[in-house]
Amino acid sequence: ELILTQEQLDRARASYERVSTRLNERAAAAYMTGPASSIDFLLNAQNVADLTDRIAYVDALAQADAELAVKVANEKNRLVARVRIFCHKR
């Protein structure tokens, strides 16, 4: 049972690291491009339809980033729970 718990802990830790790395990469990319890049992207629209598409695209990126942040928080909570279980069984 302790081996199974250790394996679950290892999987939870690896999953957290993967998701956390993705979020850090997105944060670094957002920092490097800066907020002006989104504004420039929107202002370069050729017409109202293009602007609407660009707004939807920027919104989708923001939503994806928010979902990634939630996933990181969930993975962290799962990891903490696994650590507690592991420590309790020792």
Next on the checklist: Please list all pairs meeting side chain to side chain donor-acceptor pair (under 3.5 Å) that have one or both residues in residues 16-25, counting only residues at least two apart or in different chains.
Outcome noted: none

Next on the checklist: Enumerate the ring pair (Phe, Tyr, Trp, His ring centres under 6.0 Å) contacts for residues 35-72, please, sequence neighbours excluded, ordered by first and then second residue.
Outcome noted: Phe41-Tyr57

Next on the checklist: Going by side-chain contact (heavy atoms from CB on, under 4.5 Å), name the residues that satisfy it together with Ile39, two or more places apart in sequence or in a different chain.
Outcome noted: Leu43

Item to check | Side-chain cluster (under 4.5 Å, hydrophobic types only) that Val80 belongs to, other residues | outcome: none

For residues 29-37, tabulate all N or O donor-acceptor pairs below 3.5 Å that involve a side-chain atom, not counting sequence neighbours.
from, atom 1, to, atom 2, distance (Å)
Thr33, OG1, Ala29, O, 3.1
Thr33, OG1, Ala30, O, 3.3
Ser37, OG, Gly34, O, 2.9

Checklist outcome for this item: side-chain hydrogen bond (donor to acceptor under 3.5 Å, both in side chains) filter on Ser15, not counting sequence neighbours, yields Glu75

Checklist outcome for this item: Those residues at least two apart in sequence (or on a different chain) that pass side-chain hydrogen bond (donor to acceptor under 3.5 Å, both in side chains) with Asp50 are Arg54

Checklist entry - Of all heavy-atom pairs between Leu23 and Ala69, which one has the smallest distance, and what is that distance? => result CD2-CA, 4.0 Å

Next on the checklist: Are the side chains of His88 and Arg84 in contact, using a 4.5 Å heavy-atom criterion?
Outcome noted: no

Next on the checklist: Let me confirm one number: the CG-CD distance from Leu51 to Gln46, rounded to the nearest 0.5 Å.
Outcome noted: 11.0 Å

Checklist entry - Applying side chain to side chain donor-acceptor pair (under 3.5 Å), which residue pairs with at least one partner in residues 59-70 are found, sequence neighbours left out? => result Arg26-Asp65, Gln63-Glu67

Checklist entry - Among all residues two or more places apart in sequence or in another chain, which pass the side-chain contact (heavy atoms from CB on, under 4.5 Å) test with Val83? => result Leu9, Arg13, Leu79, Cys87

Item to check | Partner residues of Asp10 under the side-chain hydrogen bond (donor to acceptor under 3.5 Å, both in side chains) criterion, sequence neighbours left out | outcome: Gln6

Item to check | Nearest heavy atoms of Arg82 and Ala12, plus distance in Å | outcome: CG-CB, 3.9 Å

Checklist entry - Is Leu68 reachable from Leu61 through a run of hydrophobic residues whose side-chain heavy atoms are each under 4.5 Å from the next? => result no

